[in-house]
Amino acid sequence: MDPSVERKWQQKWLEAGIFQSEPDQDRKKFFITVPWPYTNSSLHVGHGRTYTTADIIARYKRLTGYNVLFPMAFHQSGTPILAFSERIRRGDEKTLKLYRDTLKEYENEEDIEARIEEFKEPQNIASYFSERIVKDFTSLGYSIDWRTRFTSGDPFYQEFVKWQFHKLNSLGLIKNGQYPVLYSINDRNAVGEDDIADGDIDKVTVEEFTGVIFRGKEFSLIAASLRPETIYGITNLWISPSCKYVKFRMNGDIYVVSEDSLEKMEFQHQNLEKIGPVNESDILSQEFETPLEHRKIKAFPSGFVDPDNGTGVVYSVPGHAVWDYMAIKEAGLNLQPIKVLELTGQDKSTVESLVSELNITSLNDSDRIKEATQRLYKLEFYDGKMLGNNGRFSGLGSEKARDEIKKELFNNEEGFIFYETSRKAQTRGGSKVIVAVLSNQWFIDYSVGWWKEASHDVVNSMMFYPEFYRNAMNDAVDWLRERPCARRRGIGTKLPFDEEWVIESLSDSTLYPIIYTNQEIISRIFEILGRLPDEIIEYVYNEGKEEILGNFNQEILELARKARIAKDYWYGVDIRLTAAPHISNHLAFYIMNHAAILPKRDNPRGIIISGLLLSNGAKISKSKGNAISLLKISTKYTADLYRLFVAVSADISSVLDWNETEIAAVKKKYDSFVDYLTKGEEGKTKEKTQVEHWFISRFNLHLKEFFTKMDAFDIRGAYISVFYEVLNDLKYVENRGGNVQSCIEAVKEQWLKVMTPVIPHTCEEIWSSLGHEDFVSIRKFSVEDVGKSDESIILSENYLQETISDLREIMKATGISPQTINVEVCGEEVREVAVIMKENRLKDVPPNLKSLIPEFMKIRKGLKMDVTNELEILNENREYIEGLFGCRVNVSKANVYPGKKNAWPGRPLIRLN
RNA sequence: GCGGAGGUUGCCGAGCCAGGUCAAAGGCGACAGACUCAAGAUCUGUUUCCGUAGGGGUUCGCCGGUUCGAAUCCGGCCCUCCGCACCA
């Protein structure tokens, strides 16, 4: 249907308010939510899949009589919107281009720059795009009750979040402590993925090195290592010949590291006191002691040492590190590698074997050295076992040894944790990114035992589709530990007990679905009072007793009561529908926060995980340019086609590819559906023969399947049955020479009702053209209303088709084009014998018919006993068969042909002439 | 490496949980035919191999096992995809 037709119905739905949901104690409720979209940009086809799926479910539930609440609100917490706005202010070309491209779809050319100017204020980005998203969702026909709309930045909501954090705190789930974060030196601020140049494509993570101390007479050297388990294999130290080294004091002792490194350490440790530069020769002339063993070793210069990685000092383990091995060789030092690890697996690679395998000849072969290093590290980590020369760590697996040795080093004050970035990184503004340890970080402690237990209980009581995500969810709950829940900057709610901090954007979005149940009322209360007192929140959302509302006036009291009733009616969430990447974060937090704070009755009840949507086989991303906006979907393809595509092309859980070929295929089917329902002529509908009855019987079967599958959230299966198969059946009726129109007349209204959840605009249009004044979108229909199916008619048709396909096969095998076809149908005598033989009573077979036994044994598998009027069926359809093969067909009842081929039940005797 | 999902006939993709009626749905593509001046659209049939009678052979990543019987159950192996954290 034309987009304008879709607009028309969207307008009518809106005006009639048919999707506004009110509590109704006489009806069962159904509450479905999708996580709120983040409002830094418009949404694309990929996002649309989950919302579309949810809408289909919401509409289906409405069809079957549920009182449905399908709400929506918007997310704006966190740093991205802030960061984008900042970049626009800075005039960052990449960001400007991104927004210009996006706005092109929504604005006139001449208005774009003015809009972008407004985006210098972050709030404008959020409000602009939430407005866009509302429009786009509307244009896709979503049956959302927009009265539920709010944002994570709304003051009333922030009051709720504060209450939630007080709650968590009083349960002992909030902690404060040290935490390493990625940090920009110049900006003096923690940075996220989007703040880092190329951070989205090439992720930067925090790596935990072990800083290892080598004591010397005048000062000690610190080397940073990822592999402290190799400590017994140390032969020497390396320093960079081109690097500035500096002395500093820490806890009274004097240490030396590279200048770059000291800068980093200052962000990780307190009380470091820089003393000043130190000469290379001062380092090289000294002896140092290895930790644990206290062997004397020396430092040497080597070009491969990077002053800006770790401490700029490297301890050398030539027995297990390719760089060290090659460096010693190249410097011509007389140091023998010490082996401290052996491999227990198949692969017995060593430094030496890899050097020769990869043909590494000098330190310049850095790519190959890196490859060798990676292979060896991995191998030795998973397969390695400590040899006998490792003191009390001998015999341990490398992973275990690493932990033990670390512990020992820390205990002896010969080591400490040194954080480093996983790669060199800069912010988009060009400032260096390092790891800083924040001393005052707030956490939610998800590792608490009773909390995990309660959460598992919730997970195990819920519905999951697909079911296997239940395990994933339980794993996620187990796997969560302390999570930083606040940041120094970003949009969001201030942490109530430490206002320097802003609650992090996933942590402020866990309980909000409960707000949907009464958003209008609660924000009204906030408006009147100018705040949202905890007593109100406790009463409305947490089963508080009405007594605690003693201080409020009648108006507030009544609003609160109304809000409470709505919440009690709608909450918990029956289905939360979202994509798989949310499992280990959002969904886990969502479940755990419910489990901790809210009463059992309000726990989540079901989760549906939707698969990825690809665009022409590729992941969708704005930078790739394959992100088709939802606006374009509704104008170029129409909402109904998109919805049908989403419903029918793949199961919810599997990957769906949006590509023109498949869209065209779905469109073809859609067009033929519309044609069938709109192009028929009235009046030619009176008499029905077997085919039409067959169609109606089949239709009723399809309907039953539809309801069963929809109830199990198998949307695709349901619509294959009620859309594709019904269309195929109609085609079949047509080819059989049946009366298609009378078939359609018979099922039209029911068919429209079940198709409405997927293609609501089309169905409304046709529905109204049938003379209905109401909306098919809110008509009811459920399994109980499905008519009967006549099984014998279906069997008869099957029998006819099987006979025809037998005819075809014989013709194909023989190559004969017959003038006449004689079909002899099984007679009573043989049928009776067949029944006897089927029941395995071979001795009851009359003697004169015993000769039939061998043939029966051969073909018994193919016998169909349940069609008893074969002669009639074939006679009635004689003309049809004749038409198919272009020859005469004679049908008769067969005699018994002892010793020859016979006609059997369901398997007539066929002779071609 | 850990955790999860998966490998099906030219391609996509059902089936597998509840073994037989599975040579294995549906779609796309290909081929042939009908319609048409022609193309497109639409419709019909074919699309693993063999077959002058409705039959038979060989198939569902690989190797074994259970069973009268396995695409379906069990064990091992190979390969692909997704997640592995402070980021929305």
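Note on naming: letters A, B, ... go to the chains in the order of the sequence lines (proteins, then strands), and numbering restarts at 1 for each one.
Between A:F129 and A:Y38, the gap from one ring centroid to the other reaches at least 6.0 Å.
Within 4.0 Å (heavy atoms only), A:H586 reaches no atom of the nucleic acid at all. Across all strands shown, A:R481 has heavy atoms under 4.0 Å from base atoms, whether or not it also approaches the sugar-phosphate. Across all strands, A:I491 comes closer than 4.0 Å to no nucleic acid atom at all (heavy-atom distances). Contact annotation for A:P908: base contact, defined as any heavy-atom pair under 4.0 Å involving a base atom. Counting any heavy atom pair closer than 4.0 Å across all strands shown, A:Y38 reaches sugar-phosphate atoms only and no base atom. As judged by a 4.0 angstrom heavy-atom cut-off over every strand, A:K731 is placed among residues touching the sugar-phosphate backbone only. Among the atoms of the strands shown, none is found under 4.0 Å from any heavy atom of A:L807. Counting non-hydrogen atoms under 4.0 angstrom, A:I720 reaches nothing in the nucleic acid.
In this structure, A:W479 packs face-to-face on the six-membered ring of B:A85, meeting both the 5.5 Å centre cutoff and the 30° plane limit.
In this structure B:G26 sits in a base pair with B:C12, meeting the Watson-Crick or G-U test at under 3.5 Å. Base pairing of B:C84 is made with B:G1, judged by Watson-Crick or G-U wobble geometry with both donor-acceptor distances under 3.5 Å. Pair assignment for B:A53 gives none, since no Watson-Crick or G-U wobble pairing has each distance under 3.5 Å. B:G33 is paired with B:C43 under the Watson-Crick or G-U wobble criterion, all donor-acceptor distances under 3.5 Å.
Residues A:T79 and A:G490 come closest through the heavy atom pair CG2-CA, 4.1 Å. The minimum heavy-atom distance linking A:W442 with A:I174 is given by the pair CE3-CG2, 3.6 Å.
Using atom P as the reference point in both B:G10 and B:C43, the two lie 26 Å apart (nearest Å). Taking atom P on both B:A70 and B:C62, the two are 15 Å apart, rounded to the nearest angstrom. Remark: the separation of the P atoms in B:U44 and B:U52 is 29 Å, to the nearest Å. Comparing the same atom, C1', in B:U58 and in B:C50 gives a spacing of 11 Å after rounding to whole Å. The gap from the P atom of B:G56 to that of B:U21 amounts to 12 Å, rounded to the nearest Å.
On a pure distance criterion of 3.5 Å, a polar donor-acceptor pair joins the side chain of A:N585 and the base of B:A88. Checked by distance alone, A:K669 brings no side-chain donor or acceptor within 3.5 Å of a matching partner on the base of B:G26.
We find that A:E467 and A:R470 are joined by a salt bridge, their nearest charged nitrogen and carboxylate oxygen being less than 4.0 Å apart.
Of the residues near RNA chain B, A:A580 and A:S649, the one whose nearest nucleotide (by heavy atom distance) lies more toward the 5' end is A:S649.
When each of A:E504, A:H75, A:H586 is paired with A:S509, the side chain to side chain donor-acceptor pair (under 3.5 Å) condition holds for A:H75 and for no other.
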